[in-house]
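Below is one structure, written out as structure tokens, with a few remarks after it.
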Amino acid sequence: QVQLTESGGGLVQAGGSLRLSCAASGRFFNSYRMAWFRQAPGKEREFVAAITSSGGSTNYADSVKGRFTISRDNAKNTVYLQMNSLKPEDTAVYYCAARLSISGPNTPGRYDYWGQGTQATVSS
């Protein structure tokens, strides 16, 4: 089992940057596929980015490709989301998630563990 705690959210102007962190407690962090999701008010939770357990492969939602970068440091049990060129439509609560399975779609139901979320607000 793993417990996840996000940090790094805040208020930023459009065009600015934020770096989110997700610290994991528990054993075998380097066995988990990690992902970031987000949820805006009145909308469903949506996939943002994912990274394999080794960090060797990543994938992104089309809406954030070229602007966001997911990375991980297995020695620190932490996964990051660097968000650049932020837009007002990126405003949401951002959640970190983990799963052991290596296959399957990046949908919320396929992830087993979740953090409490961190708010990112982008002003125009």
Side-chain angles (χ1 to χ4, degrees):
Q1 196 168 9
V2 63
Q3 294 180 323
L4 305 173
T5 304
E6 302 96 334
S7 61
L11 173 64
V12 65
Q13 289 188 330
S17 298
L18 284 173
R19 188 194 195 204
L20 306 183
S21 298
C22 172
S25 62
R27 301 175 68 184
F28 308 120
F29 172 74
N30 59 3
S31 299
Y32 289 88
R33 179 181 180 90
M34 302 297 296
W36 288 94
F37 289 79
R38 67 186 181 186
Q39 188 166 17
K43 295 188 176 181
E44 293 186 351
R45 193 167 297 189
E46 65 174 0
F47 169 74
V48 175
I51 189 166
T52 54
S53 57
S54 67
S57 181
T58 58
N59 62 311
Y60 298 90
D62 287 343
S63 59
V64 306
K65 276 181 183 176
R67 300 188 298 123
F68 291 11
T69 303
I70 188 171
S71 61
R72 67 190 294 162
D73 185 337
N74 284 345
K76 296 182 177 179
N77 281 15
T78 302
V79 64
Y80 305 97
L81 185 68
Q82 178 67 44
M83 306 189 295
N84 298 329
S85 302
L86 283 162
K87 305 174 181 180
E89 52 263 43
D90 294 318
T91 295
V93 177
Y94 283 74
Y95 296 91
C96 176
R99 75 183 194 198
L100 284 173
S101 62
I102 60 174
S103 61
N106 287 306
T107 55
R110 297 302 296 266
Y111 280 80
D112 303 308
Y113 304 102
W114 293 85
Q116 82 289 348
T118 185
Q119 176 72 47
T121 303
V122 185
S123 64
S124 57

Task: Within-4.5 Å side-chain heavy-atom neighbours: D112 and Q1 - done: no
- [ ] Would you tell me whether T5 and Q3 have side-chain atoms, one donor and one acceptor, within less than 3.5 Å of each other?
- [x] no
Task: side chain to side chain donor-acceptor pair (under 3.5 Å) between N30 and S53, intermediate numbers included - done: CA-CA 5 Å; N30 59 3; S53 57; over 6 Å; no
Task: Distance, nearest 0.5 Å, that separates CG of N77 from CZ of R27 - done: 12.0 Å
Open item on the list: Assess, by modelled atom type and distance only, whether the side chains of S17 and N84 contain a donor and an acceptor separated by less than 3.5 Å.
Closed with: yes
Open item on the list: How long is the straight-line distance from NZ of K65 back to CG of D62, given to the nearest 0.5 Å?
Closed with: 4.5 Å
Task: Those residues that, when tested against E46, pass salt bridge (Lys or Arg N to Asp or Glu O under 4.0 Å) (two or more places apart) - done: R38
Task: Linked hydrophobic residues, F29 as query - side chain contacts closer than 4.5 Å - done: V2, L4, V12, L18, L20, Y32, M34, W36, V48, I51, Y60, V64, F68, I70, V79, L81, M83, L86, Y94, L100, Y113, V122
Open item on the list: Would the distance check show the side chain of T121 and the main-chain N or O of T91 forming a donor-acceptor pair, the cut-off being under 3.5 Å?
Closed with: no
- [ ] Please examine the side chains of S21 and E6, heavy atoms only from C-beta on, and report whether any two atoms are closer than 4.5 Å.
- [x] no
Task: Heavy-atom closest pair, residues A92 and Q119 - done: O-NE2, 3.4 Å
Task: Interatomic distance, S54 atom OG to R33 atom CZ [nearest 0.5 angstrom] - done: 10.5 Å
TODO: Would you check if the side chain of T78 reaches a backbone N or O of K76 as a donor-acceptor pair within less than 3.5 Å?
DONE: yes
Task: Residues clustering with Y95 (ILVMFWY side chains joined when closer than 4.5 Å, directly or via others) - done: F37, F47, V93, Y111, W114
Open item on the list: I need the N74 CG to S31 OG distance, nearest 0.5 Å.
Closed with: 9.0 Å
- [ ] May I ask you to check if R72 and Y80 form a cation-pi contact, with NZ or CZ under 6.0 angstrom from the six-membered ring centre and within 45° of the axis?
- [x] no
Task: Sidechain N-carboxylate O distance under 4.0 Å for K87, D90 - done: no
